[in-house]
Amino acid sequence: MTTPLTINGTDYRIDLPDDVPLLWVLRDEIGLTGTKFGCGVAACGACTVHIDGEAVRSCQVALADVWGPVTTIEGLGTPDALSALQAAWVEHQVAQCGYCQSGQIMQAVDLLARTPSPTDADIDEAMEGNLCRCGTYPRIRAAIHTAAARMKEA
Amino acid sequence: MSRIGKIARRTFLIGSVAVAGGVAFGVYQVKKPAENPLSSTDGETVLNPFVIINADGVTLIAPKAEMGQGVHTTWAALLAEELDVAWSDITVLHGPPAKAYYNSALFGLGLPFLDYEVGDFRQGLRDQVGEIAKLVGLQLTAGSTSMKDGFVRMREAGATARETLKLAAAARLGLSSDDLTTENGMVIAPDGTRIPYADLAEDAAAIDPPRVALRDPSDWKYLGKDMPRVDMVGKVTGTAKFGIDTRLDGMRFATVRMSPNGGGMVRYDDSAARSMAGVEDVIDLGDGIAVVARNTWLAFRAAEAVEITWGPSPRPATNEALFDAITAAFDSSAPNATPRDEGDVDSVSEGTEITAEYRIPWLAHSTMEPMNATAWFSSGTMHIWTGNQSPTLTRDKVAEAIGLTPDQVQVETPLMGGAFGRRGETDFSVLAARVALALPDTPVNVTWSREEDMRHDYYRPAAVARFRGRVQDGQAVMLDGKIAGHSVVKATAAKIAGDETPGPDREHLSGGFDQPYGIPNFRYSGYLAPTDIPVGYWRSVGASMNGFFFDTFIDEMAHAAARDPLQFRLELIRREHEPSAKVLEKVAEMSGWTGQTPAGTGRGVAFCYSYGTPVAQVCEVVEEEGRIRIANLWIACDVGTALDPRNIEAQMTGGALFGLSAAMMGEITFTDGAADQYNFPDYDALRMHTAPKMSVAILENNRHIGGVGEPATPPAPAALGNAIFDLTGERLRETPFNKAVAFYGV
């Protein structure tokens, strides 16, 4: 039995056990390696993707439970056509090792969709599940504020 | 000494990447030639290629690994500064394992003088000692040395290439090279004729490179300014490839479960695991097992289902017993090292004596990207893709483990999702090679679970410190520090060479003995206590321990002397090292330090000189609903020459947060020889809501260029502890502090 999935606008049929987490379908089956494995227990946020526009930890969503179209970091923007948040990330030179940043950006997109002008407290609340061992938090915060301002202008 | 040379070739092979034709510039090894990573044929000049110019443009071969610190960007800027190319037109490749890429700066750190006293004479001596690193053949990205290492070499390579290209253009145009200028990747003649470097590469290959003087810093275009990082766009679009992202045709996914307690494996039953969906193989590794499966998660699940009986641990049964072994080192023997012994600490009797004992735990590195490597054994060669800080060591250790010669091992170094010292080890690469050896002709990506990663680290060692000091008339007159713990240097020597080298270990005491404090009677001694817990390099190494011990005790002495803790430090430091005094003054100015704090607020200052860079920090904590929140952290550093201020700021804030995380909540404990912590819920770090506001000032008074990746880590735990003391009156002498106080949001 195969499971249908829509990822970044492309339809797939996945032939894997129902309980395989979406993270590993993306990374090991489809080859979308922009979504990262960090902990496997929803404690770090590196695997954050969107299902139906909502940020979720893809390590905790079983294949059979994916309830809508999936967007990953690769579907958000490309090196030649950065999304607003990705452009703000470049402007503020946020990434150090960069491993957590896909998840950080996907979480921030979700925040701005719900709260277009977030306060620092809003950012704290939305982003506290996303761990960064390099400690890039000040620049993540600044980039979110910049992107929010740009998106309002646009 | 070395000089710049060049080499011409139809094809340059840089690891798996072929660069077509052109001319390469690099540093000749004048003494015993190092092995040439470009696989030279007989009779060709051996050199250490840094830059290749061909029809496609300019390629920089970076011998340093990118693990988040921005080294590839700054090295490109160093090259561009002299070569006159658009910085963004330089392609950066990570170099293959080769002795030619020895780290000349790292071994300079081992010389028997205090770094802050390095003047021109000693700087020259230190440069020469870099030769030792070549002989040892280490290609390391460690010790915050990348900029010291590349600062001259990369600019020399760029300048030599530029002048050689000008000579080629001069010959073609019938002009003197003095008449020519260079700009944006082209040689320009007085009549406006512009010849791209790419067109001159072939001619340049036939010309002996001239000796060239480097440009004055006042003429720099790139260096000293904020540079956009070359890896940034890839890292925000998910297109950057880390080691764990390695994908090869026909590749399988695997994971390992290894003995967690050092006691090996007695037996295992894989019957349940083998019947699970997607499982392809279970491999007996002797001291653990590997499961090969269709994807990583199916391998994780099946590995958990293998019933394993581990052997009994040779390690002490409890964490307290481990600490008992450490403190016993104080009593059992003479010190291993006393690298500072000024005045006579034993005869000082004036003033007030204070004593304190400090204790810090083992720490995991917990990089965001768990340990992994991809290996492929084919046609007698083991190919390995592994994010690592030491390609030559990796190659040699893999070869040794599986019975190959080093030239039968090919190491590729993709991006690293954090390293912090962990990826200087070779265990994860060796394990992947052992799995691949069992699956000939099949590439296999061996990824550890977070639990495997956290429980099989080479931990920052635990340590205990005992201090005695005397203050008189508001001054420190005596300080006697004794530090007991497992030597990382000796443990690493044992891993590399088979046994612990004899002799004194200064690294165990760095961040303490080498501090620029003019205390008339000042002794600092190390006592070594091998514990059988695997230990390794952890961001700032010895200074991660001594930065806390030494500075906290200085704070205690300041309070015992009834002095402002910042002024107390400033007076002692000014006697020894003016640039260090200036960072203290700067951090006082930034934070508006008055020595007074309102109720509900505490402030602590800390200072540490490490990796050639003095760093002072002021930490401000506030009490909110019975919990302590870190509100602000001000950082002042002196890097000598600031090559890329924005990147330095990132390393300073990141390094400080790394230290604060450890101080607040970092602790690995052991029961029956195995780590008690498994994953981020029980080994967490600072997050968005718990990180303080930070600001950084970068000074350039020091006489030589300093490191930036590590020096902000050592003072941070002390700054926090000193701030908590100011807030609560309670002196915290053991980390993590969350055992004694409640933090906001943790």
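Chain identifiers are assigned alphabetically (A, B, ...) following the order of the sequence lines, protein sequences preceding nucleic acid strands; residue numbering begins at 1 within each chain. Worth knowing before you read on, the calculation uses all heavy atoms, side chains too, and leaves out hydrogens, waters and symmetry mates.
For the pair B:Arg450 (side chain) and A:Gly40 (backbone), a donor-acceptor distance under 3.5 Å is absent. A donor-acceptor pair is defined here as one N or O able to donate and one able to accept, closer than 3.5 Å; no such pair exists between the side chain of A:Gln93 and the backbone of B:Met232. A side-chain donor-acceptor contact under 3.5 Å links B:Asn679 to the backbone of A:Cys39. Remark: side-chain polar atoms of A:Gln86 are paired, donor with acceptor, to backbone N or O of B:Val236 under 3.5 angstrom.
Between chain A and the residues B:Gly234, B:Ser366, B:Pro692, B:Gly278, the largest count of heavy-atom pairs under 4.5 Å involves B:Ser366. Listed options B:Lys241, B:His365, B:His689, B:Arg301 were ranked by heavy-atom pairs under 4.5 angstrom with chain A; first place goes to B:His689. By number of non-hydrogen pairs under 4.5 angstrom with chain A, the leading residue of B:Ala240, B:Pro681, B:Ala650 is B:Ala650. Residue with the most contacts toward chain B among A:Met127, A:Glu74, A:Glu29, A:Glu125: A:Glu29 (heavy-atom pairs, distance under 4.5 Å). Between chain B and the options A:Gln101, A:Arg141, A:Glu128, the largest number of non-hydrogen pairs under 4.5 Å is found for A:Glu128.
With a threshold of 4.5 angstrom between heavy atoms, B:Asp245 approaches chain A through its backbone and through its side chain. Contact of B:Met368 with chain A is made through backbone and side chain together, with heavy-atom distances under 4.5 Å. Heavy-atom distances place both the backbone and the side chain of B:Thr296 under 4.5 Å from chain A. Looking at B:Asn445, there are no atoms closer than 4.5 Å to chain A (heavy atoms on both sides), in backbone or side chain. Within the 4.5 angstrom heavy-atom criterion, only backbone atoms of A:Asn130 (N, CA, C, O) approach chain B. For chain B, no part of A:Val25 is nearby; none of its heavy atoms comes within less than 4.5 Å. Both the backbone and the side chain of B:Ile244 have a heavy atom closer than 4.5 Å to some heavy atom of chain A. The contact between B:Glu649 and chain A is made by backbone and side chain atoms together, counting heavy-atom distances below 4.5 Å. Contacts of A:Glu91 with chain B are made by backbone atoms alone, with heavy-atom separations under 4.5 Å and no side-chain atom involved. When heavy atoms are compared at a cutoff of 4.5 Å, B:Ala685 approaches chain A by way of both its backbone and its side chain. With a 4.5 angstrom heavy-atom cutoff, B:Thr690 does not touch chain A via any of its atoms. Contact of B:Met227 with chain A is made through the backbone alone, with heavy-atom distances under 4.5 Å. At a 4.5 Å heavy-atom cutoff, the contact between A:Pro79 and chain B is made by backbone and side-chain atoms alike. For A:Leu82, the part lying under 4.5 angstrom from a heavy atom of chain B is the side chain only.
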Query raised in the report: Does the pair B:Arg539 and A:Arg133 meet the rule for a side chain to side chain contact (heavy atoms under 4.5 Å, CB included), with working shown?
Result: CA-CA 12 Å; B:Arg539 194 174 193 168; A:Arg133 285 288 280 153; over 6 Å; no
Report task. Evaluate side chain to side chain contact (heavy atoms under 4.5 Å, CB included) for A:Asp19 paired with B:Trp297, printing each intermediate quantity in order. Result -> CA-CA 10 Å; A:Asp19 50 5; B:Trp297 186 79; 4.0 Å; yes
Query raised in the report: Passes salt bridge (charged side-chain N to carboxylate O under 4.0 Å, His left out), B:Arg687 versus A:Asp124? Steps please.
Result: CA-CA 9 Å; B:Arg687 291 166 179 267; A:Asp124 281 350; over 6 Å; no
Requested in this report: Please assess A:Tyr99 against B:Met416 for the test side chain to side chain contact (heavy atoms under 4.5 Å, CB included), listing each intermediate value before the final yes or no.
Outcome: CA-CA 8 Å; A:Tyr99 193 79; B:Met416 283 173 256; over 6 Å; no
Query - CA sep, side-chain torsions, deciding dist, call: B:Arg247, A:Asp28, side chain to side chain contact (heavy atoms under 4.5 Å, CB included) - result: CA-CA 9 Å; B:Arg247 297 291 181 269; A:Asp28 292 1; 3.0 Å; yes
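Within the 4.5 Å cutoff, no side-chain heavy atoms of A:Thr78 are placed close to those of B:Thr237. Under the 4.5 Å side-chain criterion, counting only non-hydrogen atoms from C-beta, A:Arg27 is not in contact with B:Asn295. Residues A:Leu131 and B:Met688 fail the side-chain proximity criterion, which asks for heavy atoms closer than 4.5 Å.
Taking SG from A:Cys97 and NZ from B:Lys235, the interatomic distance works out to 6.5 Å, rounded to the nearest 0.5 Å. Separating the CG atom in A:Leu16 from the CG atom in B:Leu298 is a distance of 6.5 Å, to the nearest 0.5 Å.
Between B:Phe680 and A:Gly38 the shortest heavy-atom distance is CE1-O, 4.0 Å. Nearest approach of B:Ala277 to A:Pro17, heavy atoms of both residues: CB-CG, 3.7 Å. Taking each heavy atom of B:Met694 and A:Pro138 in turn, the nearest pair found is CE-CG, 3.5 Å. In terms of heavy-atom proximity, B:Phe242 sits nearest to A:Gly98 at CZ-C, 3.8 Å.
Taking the ring centroids of B:Phe253 and A:Trp24, they lie at or beyond the 6.0 Å cut-off. Checked against the 6.0 Å centroid threshold, A:Phe37 and B:Phe300 count as a close aromatic pair.
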